[in-house]
Amino acid sequence: MIQANNISLNYGGVSALKDISFQVERGEIFGLIGPDGAGKTTLFRILTTLLLADSGTAIVDGLDVVRDYKVIRTRVGYMPGRFSLYQDLTVEENLSFFATVFGTTIEENYHLIKDIYQQIEPFKNRRAGKLSGGMKQKLALSCALIHKPAVLFLDEPTTGVDPVSRKEFWEMLKRLKLQGITILVSTPYMDEASLCDRIAFIQKGKILTIDPPEKIIADFPYKVFAVEADNNYKILKQLRQSESVRSVFSFGDSLHVVFKDVSKIEKEQINAELKEIAPTIEDCFMALANN
Amino acid sequence: MENEQFNKNKEVLIVNSDLSIIKVNNLTKSFGNFTAVNAISFEVSKGEIFGFLGANGAGKTTAMRMLCGLSKPTSGRGTVAGFDIEKQPEQVKKNIGYMSQKFALYDDLKVWENLRLFGGIYGMKSDEIEDKTNLILHDLGFENERNTLVKSLPLGWKQKLAFSVSIFHEPKIVFLDEPTGGVDPAARRQFWELIYAAAESGITAFVTTHYMDEAEYCDRVSIMVDGKIVVLDTPKSLKTKFNAANMDEVFQQLARKAKRVEDG
């Protein structure tokens, strides 16, 4: 459903995207994961026909993003990272505006948005600019879906959304997937990354790996140890000083430590109990961002 | 009757008065028939990292605006940094730092100019501002960016700078409203190390976040549901109490009980 071939783009001498290639299958949830400034939003803009690449080609739903841009725009839904609905229109006006522009009605595709739109329907007469962060995201998704797109592009859709709403949001993405909608999503939340069918790690405009999350975890080359102590920050600073430590990061209530050489751990330097644990996607991300 | 109750509570509070940076008693804010914040009471100590959690619309922002002296409570009392939030809002504002997700930096000013501006606004003297600027740029490793326009800094750097600006005038407490929203895991961790360092130097951090791993980094957290604080404890005790593996599970258990439809 999405096919990117050797896409490159330079912004004033800086290479924003370098030779990006990947494919997304129909009904797949494909995650773009990478640090801020990695090029994720630029890639979204090229695939949604809003920006031209310097070189390379891209096909979305069988159509060329340059030649067939007008048709593509009727077949995709795009939720940009920055809120871009009409602040002065009400919730309902925004939704009906997008439905009308795409030649449909709210009633026709209501089933697609029902789960999420019901939550904001009590405020349908409120101006979009007056909604809270979580409600804005729900409205933006409803507007991106109202014309029943074949492909959905979601650029950090859950930023500013609380954990309960995030969970609901992802349950909904799974239902959309079951209806055959293809989803390309970026997120800074690693628990969401692990819910994707496949993810691409992107850094400095280059894709480093593309794999299912389970495979990325299985391929993680290091052993990860957890340390739990009363004063994690103090231990963190101590471990940073240790010669034998490759990396140490806070992970919730514990620290995750990777050693340079597991056979040469200097136990006396580490005043805390080490427990080997299975790595998570976030461990993989941190190792990547640290390199 | 209400006054009597407050005085009674005040006696209890005074015991720790040197260490309490925030004291809130039955703080309430209503908009018409809607009670956004419903009689919340708590204290936060000096140097503590306090996580102020809740679902979208639970009332966090409204409560925080009252604590920052930006909105008057409908009823109840509160002091922040020793000043009454209702009667001395200007004193409150001078003695706190504030940073939100929308970093209040001036994009068209250089890094040092932003620090100069905020230092000046808080009434710091020129030489003091200069010394502090050098110190901060050194600590952040930003010495080469002194003359860079803020708009050309990467997001993670802007965020660190915004935090440094918020504590530039050495407030007793800094309010951080979703400071890491939309930030990648590596940048979030670097940011939290700044919070830890600030707390070690005695600055109290009052933080809201939707990242539940960050909730674990707090000394204590409160969770608001429908305008009320339903729990307040250390992350460890909460996990034990709710028989949960992590703070996300605690949050899910509590926030799912919300009856009020998300609003504002």
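Every chain is numbered from 1, with letters handed out A, B, ... down the list of sequences. Worth saying up front: this structure is predicted, and the values here are computed from it rather than measured.
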Hey, could you give me the [atom1]/[atom2] distance between [X] and [Y], rounded to the nearest 0.5 Å?
{"X": "B/Lys236", "Y": "A/Glu228", "atom1": "NZ", "atom2": "CD", "answer": "7.5 Å"}
{"X": "A/Ser250", "Y": "B/Glu216", "atom1": "OG", "atom2": "CD", "answer": "11.0 Å"}
{"X": "A/Lys234", "Y": "B/Tyr196", "atom1": "NZ", "atom2": "OH", "answer": "14.0 Å"}
{"X": "B/Asp184", "Y": "A/Thr187", "atom1": "CG", "atom2": "OG1", "answer": "11.0 Å"}
{"X": "A/Tyr189", "Y": "B/Asp213", "atom1": "OH", "atom2": "CG", "answer": "9.5 Å"}
{"X": "A/Leu236", "Y": "B/Trp192", "atom1": "CG", "atom2": "CH2", "answer": "13.5 Å"}

So, the side chain of A/Asp162 versus the backbone of B/His210: is there a donor-acceptor pair under 3.5 Å, distance only? no
Which atom of [X] lies closest to which atom of [Y], heavy atoms considered:
{"X": "B/Asn56", "Y": "A/Ser165", "answer": "OD1-OG, 4.3 Å"}
{"X": "A/Asp36", "Y": "B/Gly182", "answer": "OD1-O, 3.5 Å"}
{"X": "B/Tyr217", "Y": "A/Gly252", "answer": "CE2-O, 3.2 Å"}
{"X": "A/Phe285", "Y": "B/Ala186", "answer": "CE2-N, 3.9 Å"}

Report, as yes or no, whether the 6.0 Å neighbourhood of atom [atom1] on [X] holds more than 12 heavy atoms from other residues, nucleotides or ligands.
{"X": "A/Arg127", "atom1": "CZ", "answer": "no"}
{"X": "B/Lys239", "atom1": "NZ", "answer": "yes"}
{"X": "A/Tyr86", "atom1": "OH", "answer": "no"}
{"X": "A/Lys18", "atom1": "NZ", "answer": "yes"}
{"X": "A/Arg82", "atom1": "CZ", "answer": "no"}
{"X": "B/Asn243", "atom1": "CG", "answer": "no"}

Can you tell which part of [X] gets under 4.5 Å to a heavy atom of chain A, answering side chain, backbone, both or neither?
{"X": "B/Ala215", "result": "neither"}
{"X": "B/Asp248", "result": "side chain"}
{"X": "B/Pro185", "result": "both"}

Tell me, side chain or backbone of A/Glu168 under 4.5 Å from chain B's heavy atoms, or both, or neither? side chain
Below 4.0 angstrom, N of the basic side chain to O of the carboxylate: do B/Glu200 and A/Lys237 qualify? yes
Minimum side-chain heavy-atom gap A/Arg166-B/Met212 below 4.5 Å: no
In terms of heavy-atom pairs under 4.5 Å with chain A, the winner among B/Thr209, B/Val183, B/Thr180, B/Leu53 is B/Val183
When heavy-atom pairs shorter than 4.5 Å are enumerated against chain A, which of B/Met247, B/Glu178, B/Arg188, B/Glu193 gives the highest number? B/Glu193
